[in-house]
Protein chains: 2
Amino acid sequence: MNLRDLRYLLAVAEHEHFGRAAQACGISQPTLSVQVRKLEELLGVTLFERSSKRVAPTEVCSQLLGHAQSAVAEAEAMFSVARNLRDPLAGRFRLGIIPTLAPYLLPLIFAPLHEALPQLEIEPWEDQTVALLERLRNHELDAALLATEAEGTDLLSHTLFDEPFLAALPPEHRLASRPTVSETDLARDILVLADGHCLRDQTLAACGQSGALGGALRASSLSTLLNMVAAGYGTTLIPGLAAGAAEDAGIVLRPLSTKVGRMVRIVWRSQFSRKAAVDAVRDVIANRLRGFAAANA
Amino acid sequence: MNLRDLRYLLAVAEHEHFGRAAQACGISQPTLSVQVRKLEELLGVTLFERSSKRVAPTEVCSQLLGHAQSAVAEAEAMFSVARNLRDPLAGRFRLGIIPTLAPYLLPLIFAPLHEALPQLEIEPWEDQTVALLERLRNHELDAALLATEAEGTDLLSHTLFDEPFLAALPPEHRLASRPTVSETDLARDILVLADGHCLRDQTLAACGQSGALGGALRASSLSTLLNMVAAGYGTTLIPGLAAGAAEDAGIVLRPLSTKVGRMVRIVWRSQFSRKAAVDAVRDVIANRLRGFAAANA
DNA sequence: TTCTATCATAGACAACCCCTATCACAATCG
DNA sequence: CGATTGTGATAGGGGTTGTCTATGATAGAA
């Protein structure tokens, strides 16, 4: 059964006249006659009582008209919905963000994103890198903001900005008096995040596998880590965007003697159909963060 | 857009796999790929994100699936409804009946009709012959029970039974003592129904254009007419089926010397699609009334 | 690398839709 | 009463569309 046939049925029922119904459908009267006849055979019922005087819908027909109308309406609704959603810059956009980035980056980019892409409903999802990549591959995210290289041929990525690390020290720390700090100096009493945070691995990679790693003091969040440093438990490396929060916590920040940091990237599936949305989001974020790395270098 | 395409869409969305979806649809995988691609072009949106690993519905697609499902469901509902209504002996059956017949015939045939045709919902409509014929031609009735010949090539009719007329007399009437009465005797003080009743015309035809026709005493219903006769205003002819009601009113009934009466017919449009229902109703009524004319002759 | 699984593409064939021309029938008009 | 008009049905040709099998392209697994 073709939706076209249902339109024909509705037209004949409305006009009660094959000629005029055919005209309304933009086809010839014989075609309409044939198609309606076929529909009758398909359904196994007589839809119209024909005479040279008038064409009248049968009882069965009038009971079918409602369904036919609904079917046609639903199909038309599909076109309408598709037309409204054709713009890739519209609709829901699920964006994963790692926990060491989300609280500091989101406040910066929410307003610009909404201004530049008013139709795009950004839906942030905070989780660790591995979980974000899994959700991305599961199509539960449209893109993700990570601080690691994206692996695999099924994913693509683009650099957004360079985020330098800073040495975070308790005010009374012995290193707090120096203008810059080296990673090896920090390694003595460095604190790190819990397993799974990419920042933990990056901190360890920068400062070596030593420090206060044996204890139970593995912060579950960057916020906790900052509190621990402020309380004098040790030192750590923090990403540049967290500088404000760290200073608010009463932590002394010092640039590192070697300009180490991390690259924040946006990652998406290579087959993702709304690449335009990814590009637009990427541009807005990159623009907002332009000059950030330089200012903090 | 073809409903078939929507089914394909739903299948691919369900299986997330072109091969299995094609199998479920009973077509080859290339065909399915082509058709889905065409649907995507038609709608102007990407419906699935394809990779050799998996096929995932896009955001747009998931918003379209509901509509597609509804459209398909409505179409299926049409088949279901048609299948249920394919039986011409089921559903509403609007039956017109003339007023001089309805109150006396309906009680006799309702139960047999319901027993023989339980699926048929008989919907009686009482009106005069002309109005019934108009409603019949307007498709507002499926059939009608009349006591006149059906005119025109657009209508067909079939005789149901012969209904003899009886002379109806006040008990104290001068003719009440006779075993049979002739129409000409009745003509002296005959009463008739109001305009439009076929029984009026038939009475006048049988008894001549004389009698108490000039006055205001034209009964608007047979029931009123019976009351008038019982009250001694005059005589009349009544159809055989009304005999019981007449006797209840205290009227004396006498057979007519010439066996005059009327033929009750069922009439329907020649193009009517449910002739089987007409035939069934006809048979039930004719069976119920079998021997009625003979018993009253 | 080789094999396997997946979806996309190509070309041929059949079915289907649509058209114009015509028929059949009934109603209307002169 | 015959001609005309209006209606839906039928016939045959042509173009489009759906479907198939065979094959290609690509990515992942052995």
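All chains are named by letter (A, B, ...) in the order of the sequence lines, taking the proteins before the strands, and each is independently numbered beginning at 1.
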I'd like to know if the side chain of A:E40 reaches the main chain of A:F48, judged simply by a donor and an acceptor atom lying under 3.5 Å from each other, with no hydrogens or angles considered. yes

Using whole Å, report how far CG of B:L3 lies from C1' of D:dG18. 15 Å

What is the distance, rounded to the nearest whole Å, between atom CD1 of A:I27 and atom P of D:dA9? 13 Å

5′-ward residue of the pair B:G19/A:L32 relative to DNA chain C: B:G19

From CG of A:L156 across to P of D:dA27 the rounded distance in Å is 11 Å

Here's a test for you: under side-chain contact (heavy atoms from CB on, under 4.5 Å), which of A:Q202, A:R200, A:Q128, A:R262 qualifies with A:T100? A:R262

If you compare every side-chain N and O of A:R4 against the phosphate oxygens of C:dC18 (OP1, OP2), does one of them come in below 4.0 Å? yes

Nearest to the side chain of B:R37, heavy atoms from C-beta on, is which of C:dT9, C:dT20, D:dT7? C:dT9

Charged tip of A:R94 within 45° of A:W125 ring normal and under 6.0 Å: no

Is A:H17 close enough to D:dG6 that one of its side-chain N or O atoms is under 4.0 Å from OP1 or OP2 there? no

So A:F48, base contact, sugar-phosphate only, or nothing? Heavy-atom distance under 4.0 Å. nothing

Atom OH of B:Y8 to atom P of C:dC7: distance rounded to whole Å? 16 Å

Looking only at heavy atoms, which two atoms of B:L43 and A:A82 are closest? And how far apart? O-CB, 3.6 Å

Looking at C:dT20, C:dC16, D:dG18, which one has an atom nearest to any side-chain atom of B:K38? D:dG18

Distance in angstrom units between B:F18 CZ and C:dT9 P, rounded: 11 Å

Under 4.0 Å between a side-chain N/O of A:S33 and OP1 or OP2 of D:dA9, yes or no? yes

Write down the distance between CD (A:Q29) and C1' (C:dT22), rounded to a whole number of angstrom. 12 Å

note: A:E41, atom CD; D:dA9, atom P; distance rounded to Å ~ 12 Å

Under 4.0 Å between a side-chain N/O of A:S28 and OP1 or OP2 of C:dC19, yes or no? yes

Does D:dC20 have OP1 or OP2 under 4.0 Å away from a side-chain N or O of B:T31? yes

Spacing of B:E49 atom CD relative to C:dT6 atom C1', expressed in whole Å: 16 Å

Counting any heavy atom closer than 4.0 Å, what does A:Q35 reach on the DNA or RNA strands: base, sugar-phosphate only, or nothing? sugar-phosphate

Can you tell me if B:R274 uses its side chain to pair, donor with acceptor, with the backbone of B:A90 under 3.5 Å? yes

